[in-house]
Amino acid sequence: MALEVKICGLSTPETLDAALGAGADMIGMVFFAPSPRHVDLATAVTLVARARGKAGIVALTVDADDATLAAIVDAARPDMLQLHGKESPQRVAAIRARFGLPVMKAIGIATAADLATLPAFEAVADRLLLDAKPPKGAALPGGNGVAFDWTLIAGLDLSRPFMLSGGLDPDNVADAVRLIRPPGVDVSSGVERAAGIKDPERIAAFLRAARAAEAAGAEHPTGGKPAHTSSRETSPS
Ligand SMILES: O=C(O)c1ccccc1N[C@@H]1O[C@H](COP(=O)(O)O)[C@@H](O)[C@H]1O
C-alpha cells in the first residue's frame, strides 16, 4: 500500500490548498483551544468544503466529551477522528461506536515500556498514530515538534495501520520512511514558519521528500514491502 501522508493543523484556505496541491492524502484540523492551530467550527466548515473528495478529512480532538465531538462531527463531517489525549481503550471504543467513524488513536512513545499499551488500543482503534511524548510541562499533548527514538518501533508487528509522527520535517522524513517503512507519516509543526503558521514551501518539500523516499524503498530488493506488514492485520470489532 502506498505511503499515506497527513498534513495536520491546517487552518487557512491557502495552506489547505498547498497541502492538497502537493498531494497530501489526509488533512488534519485541530479542535483544541490551547493549540495555535485550533480552528472554530465555522472555519472548519469552510476548509472541509475545499478539501472534500480531495483528501481524507481528520478531526483532531483531545479528551473531548460527547457533546463536543457531536458538534464537530455534525458541522465538519470528518472522515476520521484523531484522539490525541489520554482516552482509554474503553473511551476509544465508545467514541467509535457512538459516532460511526474510523478512529485513529495517538500513543505517546518515549521508551520501549510505552509500547506495552499498544495491544489494548489495537483492539479498539482503526489506526494508531505513534507520536513522541510531550516534553515535561508542555501545553500541548502533540504538535511539539519533538521526535522519539524511531528504532524503538523498527520491525514492530501491529495489527493496525499506523502513522509515524512527532518532529518530522522535510529534512528528516526520508530517513524515517527508510528506517521504519511506516504505512503513513503525519506532520504539523515541521511544515510551519512559526507556531501555527503553515508554510506552503515546507509542505511541498515534505511531500516531495516523503514520496521520493517511498519510491526509493519500492526499488529495494524486498519489493517495497513495508517492514511493519503483518499477517495479523484485522479490523476492530
Ligand atoms: O498540532 C497541534 O497543535 C496538536 C495539538 C494537540 C494534540 C496534537 C497536535 N498535533 C499532532 O501532534 C503530532 C506531532 O506534531 P509535530 O509534527 O511534532 O508538530 C501530529 O500528529 C499532529 O497531528
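Just the heavy atoms: all of them, side chains too, but no hydrogens, waters or symmetry mates, feed the values below. Just so it is clear, the structure is predicted and the values come from calculations on it, not from any experiment. In each ligand, atom 1 is the first atom listed, and ligand 1 is the first ligand listed.
Put simply, part of Gly167 is less than 4.0 Å from ligand 1, judged by heavy atoms. Within the structure, the closest approach of Met163 to ligand 1 does not fall below 4.0 Å when heavy atoms are considered. A heavy-atom separation below 4.0 Å is not found between Gly9 and ligand 1.
The heavy atom nearest to atom 15 (O) of ligand 1, considering only Gly28, Gly143, Ala106, is found in Gly143.
Nearest to atom 21 (O) of ligand 1 among the protein's heavy atoms is Asp186 OD2, 2.5 Å. Closest to atom 2 (C) of ligand 1, if we only count protein heavy atoms, is Arg37 NH1, 3.2 Å. Closest protein heavy atom to atom 13 (C) of ligand 1: Asp131 OD2, 3.4 Å.
Distances between N or O atoms of Gly142 and those of ligand 1 include no value under 3.5 Å. Checked against a 3.5 angstrom limit, the closest N/O atoms of Gly145 and ligand 1 fall inside it.
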For Glu192 and Arg37, what are the C-alpha separation, side-chain angles and deciding distance, and is it a salt bridge (charged side-chain N to carboxylate O under 4.0 Å, His left out)? CA-CA 11 Å; Glu192 293 179 342; Arg37 303 158 190 114; 2.7 Å; yes
Would Glu214 and Arg178 count as a salt bridge (charged side-chain N to carboxylate O under 4.0 Å, His left out) here? Give the steps. CA-CA 8 Å; Glu214 178 193 19; Arg178 268 194 296 270; over 6 Å; no
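Two residues are said to be in side-chain contact when any heavy atoms from C-beta on lie closer than 4.5 Å; Asp40 and Phe31 fail this criterion. For the pair Thr151 and Leu179, the minimum side-chain heavy-atom distance is below 4.5 Å. In this structure, the side chains of Thr111 and Phe148 stay at 4.5 Å or more apart for every pair of heavy atoms.
Checked by atom type, the side-chain pair Gln82/Lys6 shows a donor-acceptor distance below 3.5 Å. Lys198 and Ser188 form a side-chain donor-acceptor contact under 3.5 Å, judged by distance and modelled atom types alone. Side chains of Asp131 and His84: a donor-acceptor N/O pair is present below 3.5 angstrom, by distance only.
Here the rule is side chain to side chain contact (heavy atoms under 4.5 Å, CB included) with Asp186, and of Leu130, Leu129, Ile7 only Leu129 fits it. When each of Thr43, Val39, Ile27, Ile57 is tested with Val48 by the rule side chain to side chain contact (heavy atoms under 4.5 Å, CB included), just one qualifies, namely Ile57.
Although no hydrogens or angles enter the test, the distance criterion places a donor-acceptor pair under 3.5 Å between the side chain of Asp126 and the main chain of Val103.
Ligand 1 places these atoms under 4.0 Å from at least one heavy atom of Ser189: 16 (P), 17 (O), 18 (O), 19 (O). Counting atoms of ligand 1 from 1 in the listed order, those under 4.0 Å from a heavy atom of Val187 are 17 (O). Near Ser35, with a cut-off below 4.0 Å to any heavy atom, the atoms of ligand 1 are 2 (C), 3 (O). Within the listing of ligand 1, atoms 21 (O) sit less than 4.0 angstrom from a heavy atom of Leu129. Close approach to Cys8 involves these atoms of ligand 1, each under 4.0 Å from a residue heavy atom: 22 (C), 23 (O). Close approach of ligand 1 to Ser165 is summarised as follows: ligand atoms under 4.0 Å from at least one heavy atom of the residue are 13 (C), 21 (O). Here is the list of ligand 1 atoms found below 4.0 Å of a heavy atom in Lys6: 23 (O). Within ligand 1, counting atoms from 1 as listed, the ones closer than 4.0 Å to a heavy atom of Asn144 are 18 (O), 19 (O).
When heavy-atom distances to ligand 1 are checked against a 4.0 Å cut-off, Gln82 comes that close only through its side chain, counted from C-beta outward. Under 4.0 angstrom from ligand 1, the non-hydrogen atoms of Ser188 come from both its backbone and its side chain.
Using a cut-off of 4.0 Å between Lys/Arg side-chain N and Asp/Glu carboxylate O, Glu4 and Arg127 are scored as salt-bridged.
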